[in-house]
Amino acid sequence: MSAALLRNLAGSAFLALFLGVGFYVPQVRAGSLDYQLAPRLVAEDTWVLIGKREDFSRSNGGNIVNTAFVVTTDGVVVIDSGPSRLYAEQMRSAIARITPKPVIRVFNTHHHPDHFLGNQVFADVSTTALAETIAGQRREGGAFADNVYRLSGDWIKGTEPVAARDPVGPGTLLIGDHRFELIALSGHTEGDLVIRDLGTGVLFAGDLVFHNRAPTTPHASISQWLAALDRLDAITYRTMVPGHGEPVSDGRAVEQTRRYLRWIESALLQAAERGEEMSEVLGLELPKEFAEIPLAREEFARSVAHLYRGYEATTLRHRR
Amino acid sequence: MFLPCLFTALVVFVVVSPASTFAAMADDPLQSPQWTDIRDRYLGADKVVFDPRVAVSGPKIAEDSMNVPVSVKISGLVDVRRVLVVADLNPIVKVLEFSSKGALPSLHFRMKLQQGSPVRAMAQTGDGVWHVGGIWIDASGGGCTAPSVGRSAAGWTETLGQVQSRVWQNETQSRVKLNIMHPMDTGLAPGIPAFYIERLSLQDAAGREWMTLDTFEPVSENPVFSFDFSGPPPAGLTLVGRDNNGNRINARVVK
Ligand SMILES: [Zn+2]
């Protein structure tokens, strides 16, 4: 084989590789729009889809949230519909692989986009939430969908914000062979629905509880949130499913969330009382127990934007 | 035919543009496409240096694009006459201008960002040289074209121009923080004309000015400013100012 031929072969191999990559990449992209939802059995009839402890991104498509479903004798009860149409479609497929029973009810624990933007896929069943949650979904759903699309791109295509249809208050609700206690709280948002399955002892805490994932505060009232955590402490459960992070069988996730909220409240209040400016507060050192939690720095900076002006206002005085 | 023409055009271009413009664009630590325009518009032919003594701080990402906290602190630079703050990619580039006439050459404020942008402080010293520092702040946007929040609340006209304040003091320094009630409308939200504070001055009991500010539309609604003084603040500080509709601001600073 002549040297010239070798060079030619090498050249065309290079070209083929180049073209091959060009051909292959779109297929990988298309194929990768798979949330790879893997329901995990945490109690009898009770499955949880654990999201990544990350922020919205183009690689995770918004699969950063825990959703769940309970298979009753009458049908399937879904708790939170996920961040997109695609997520909810894939969730329905995952449910169908586990049970032939139809989905008959969807609860939204609160109005944040990762918990309800899948609602449009459940147009055929009752979607249920607290009245405050429905109002928030109507008010902010459009902005949420735009924002999530900006952060997660193609995964969110075709996602329309659909508010829950049926308002619900506190009480108990029998669905098939499962009796659910609905507990209406607030603090993470204006309406935080906690759902307890009285038979299995599973408590779906929504975003009132974050576990090894920094809490988010865009609609938070820290004092109400702390009061809500005290309420959760008074409830018995066998398994707690937090809104983000691994399920637990004890109070450690509640305690971690409480310690973080107490710290952020006192740190921001003390900084305001020292006269610090927002841009200075951003540089505050995080206590070691929180510094290593995923997204702690990012969420702290966001919380300064959400909360600091409120604390600052209490330090300023008016004189006529 | 073509080549000589192109060559001529190039030569003309090089001759017309001062060489320093190219140097400045290449040097811009923030690599902003707007930098040479901003330089030409606000600094003219004056000498410009990028100077770490002009420190700008703020968030990496603006969570609330209507209220982006920014601090400008200038240290180790003597005879600072005035400081311009600009956001290269904002629809209204100029945020404010301040002159410390006794106060420390630093200022803390919050601003609106329409999109991710460099935010720069450009400080001119007595020799005419501009010392420029800045950071890049990312933003999802809408800060300038969204209507002010207070517009939707009843009674905002009753609190217009009201001032809340507080003074903090330690062994070496003091800080005056002020909150002024004002919608600071940019004029970019549909149907709402520009309505903003354009002049503020901190004066002592004898009427001496310690800090003056020219403020523009990108300053946040109900603005909060902090001013720092070496040692205690001057006695009897008063905030005096006006907006572009002629409304007056006049408030004693509360310790
Ligand atoms: Zn949430």
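Chain letters run A, B, ... following the sequence lines, proteins first, then strands; residues in each count from 1.
E280(A) has its side chain within reach of K73(B): a pair of non-hydrogen atoms, C-beta onward, lies under 4.5 Å apart.
Note: H306(A) NE2 to N67(B) CG = 11.5 Å, rounded to the nearest 0.5 Å.
The minimum heavy-atom distance linking S279(A) with V70(B) is given by the pair OG-C, 4.1 Å.
The candidate with the highest count of non-hydrogen atom pairs below 4.5 Å against chain B, out of M278(A), E277(A), E298(A), is E277(A). Taking S165(B), S71(B), G58(B) one by one and counting their heavy-atom pairs under 4.5 Å with chain A, the maximum is reached by S165(B).
With R166(B) contributing its side chain and T315(A) its backbone, the two residues share a donor-acceptor pair below 3.5 Å. Between the side chain of H318(A) and the backbone N or O of Q162(B), no donor-acceptor pair lies under 3.5 Å. Using a distance-only test at 3.5 Å, with no hydrogens or angles considered, no donor-acceptor pair links the side chain of W168(B) to the main chain of E276(A). A donor-acceptor pair is defined here as one N or O able to donate and one able to accept, closer than 3.5 Å; no such pair exists between the side chain of K177(B) and the backbone of E312(A).
Under a cut-off of 6.0 angstrom, the local environment of CD in E89(A) is crowded, with over 12 non-hydrogen atoms contributed by other residues, nucleotides or ligands. Shown here is R139(A), whose CZ atom has more than 12 heavy atoms of other residues, nucleotides or ligands within 6.0 Å. Surrounding CD1 of I61(B) are at most 12 heavy atoms belonging to other residues, nucleotides or ligands under 6.0 Å away.
Only the side chain of R150(A) comes within contact range of chain B, with heavy atoms under 4.5 Å apart.
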Side chain to side chain contact (heavy atoms under 4.5 Å, CB included) evaluation trace for R274(A) with N170(B): CA-CA 10 Å; R274(A) 288 194 300 268; N170(B) 63 24; over 6 Å; no

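Residue pairs meeting the side chain to side chain donor-acceptor pair (under 3.5 Å) criterion with at least one partner in residues 260-269 of chain A, sequence neighbours excluded, do not occur; the list is empty.
Checking each of N179(B), D64(B), N222(B) against R309(A) for a side-chain contact (heavy atoms from CB on, under 4.5 Å) leaves exactly one that passes, namely D64(B).
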